[in-house]
Amino acid sequence: MLIIGERINSTRAHIQEAMKARDTAFIVKEAKKQIEAGAGFIDVNCAMSLGDEIRDIDWVISVIQSEIGDVSICIDSPNHLAIERALEAYRAKGKLFINSITGEQARIDLIVPLAVKYNTKLIALTMGEGGMPNSAEDRLAIAKDILTKVSAKGFKAEDIYFDPLIRPISTEPDQAKEFLKSIPMIKSLGAKTVCGLSNISYGLPDRKIINSTFLAMAIQSGLDAAILDPTEKQVVSSIAAAEALMCKDEYCSDYIKAFREGRLI
Ligand code: THG
């Protein structure tokens, strides 16, 4: 499973301070730490920055790629101008995600041409014009609609990762089940699936128990990627175990390697 490291996000106080102070060493350290822990992509979100999101995302991408020449980045922004600036700033020899679009036509019209032009992968939240889906069937219907709209612009199904939107089980007890049920349904369209993990445990104590157990269940359902903190050993241990158990890790070699490198709990 692909890990997208979530730590460089301006909702986190330390990151926000480092962005404001232009603390290159801190940001580079956060990126390296996540790659060493197994992240294939680094999510960069400057939307809550104290300054100007567009200037901040340009700066963050520039400093990361100057130290890590083959870094792959997940551009996480609600602002299409910030996304465009990030795409222009990116020079590294890795891959890109744009995070994200929804079913909203106006945003699709702005973002999908950028994804085509810059040859990126795309995350699409299964959120339609009618708001948040409740059932797995609702999620599938929205995914189908998005896929139709995106395909019309020349974007390939296999480069789209649908995020079926996890909601906290503390307030919406049936939502984990509906999420898990939606994964194979969405994958039957030829697309991939991704989620932001930590929402599932919002409002509960000892959140990493819920996060890591849920992720193992999602891996069984076929989840392709997750946005999470790869420095959380319990979550990484669950991934390693679940992949070995699902025959996605021949001879358990990744599991054994993770153990030898001290990455398991
Ligand atoms: N789907 C998609 N993109 C996403 C999300 C998603 N991007 C943003 C978010 N959700 C995933 N990223 C983060 C980054 C940091 C934190 C949580 C999610 C985080 N949270 C602390 C917590 O939950 O306790 C609070 C902040 C803090 O004080 O450190 O760190 O779902 N496509």
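Both ligands and their constituent atoms are indexed starting at 1 by order of listing. Values below: all heavy atoms of this structure, side chains included; hydrogens, waters and symmetry mates excluded.
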What protein heavy atom sits nearest [atom], and how far off is it?
{"atom": "atom 23 (O) of ligand 1", "value": "Arg207 NH1, 3.5 Å"}
{"atom": "atom 9 (C) of ligand 1", "value": "Asn9 ND2, 4.7 Å"}
{"atom": "atom 31 (O) of ligand 1", "value": "Gly196 CA, 3.3 Å"}
{"atom": "atom 7 (N) of ligand 1", "value": "Asp76 OD2, 2.8 Å"}
{"atom": "atom 32 (N) of ligand 1", "value": "Asn99 OD1, 2.9 Å"}
{"atom": "atom 13 (C) of ligand 1", "value": "Glu6 OE1, 3.3 Å"}

Nearest protein heavy atom under 4.0 Å from [atom], yes or no:
{"atom": "atom 2 (C) of ligand 1", "answer": "yes"}
{"atom": "atom 28 (O) of ligand 1", "answer": "no"}
{"atom": "atom 20 (N) of ligand 1", "answer": "no"}

is_close_aromatic(Phe179, Phe214), centroid dist under 6.0 Å: yes
How far does [atom1] of [X] sit from [atom2] of [Y], to the nearest 0.5 angstrom?
{"X": "Ile219", "Y": "Leu215", "atom1": "CD1", "atom2": "CG", "value": "4.5 Å"}
{"X": "Glu88", "Y": "Leu114", "atom1": "CD", "atom2": "CG", "value": "9.0 Å"}
{"X": "Ile256", "Y": "Tyr251", "atom1": "CD1", "atom2": "OH", "value": "12.0 Å"}

Backbone or side-chain N or O of Asp43 under 3.5 Å from ligand 1 N or O: no
Ligand 1 atoms in contact with Asp163 (distance to a heavy atom under 4.0 Å): 1 (N), 2 (C), 6 (C), 31 (O), 32 (N)
Nearest heavy-atom neighbours spanning Glu129 and Lys149: OE2-NZ, 4.2 Å
Nearest non-hydrogen partners of Ser170 and Gly203, listed with the distance: OG-CA, 4.3 Å
Is [X] in contact with ligand 1, taking contact as a heavy-atom separation below 4.0 Å?
{"X": "Asp229", "result": "no"}
{"X": "Asn199", "result": "no"}
{"X": "Ile123", "result": "yes"}

Below a 4.0 angstrom heavy-atom separation, can you tell me which part of [X], side chain or backbone, both or neither, approaches ligand 1?
{"X": "Val194", "answer": "neither"}
{"X": "Arg7", "answer": "neither"}
{"X": "Ser100", "answer": "neither"}

Criterion side chain to side chain donor-acceptor pair (under 3.5 Å) on Ser201 and Arg207, from CA distance to verdict: CA-CA 5 Å; Ser201 59; Arg207 295 178 63 178; 2.8 Å; yes
CA sep, side-chain torsions, deciding dist, call: Lys153, Asp109, salt bridge (Lys or Arg N to Asp or Glu O under 4.0 Å): CA-CA 9 Å; Lys153 295 183 182 296; Asp109 290 342; 3.0 Å; yes
Donor-acceptor side-chain pairing of Arg7 and Thr231 below 3.5 angstrom: yes
Residue pair Lys20, Glu17: steps toward the salt bridge (Lys or Arg N to Asp or Glu O under 4.0 Å) verdict: CA-CA 5 Å; Lys20 186 157 183 272; Glu17 284 161 24; over 6 Å; no
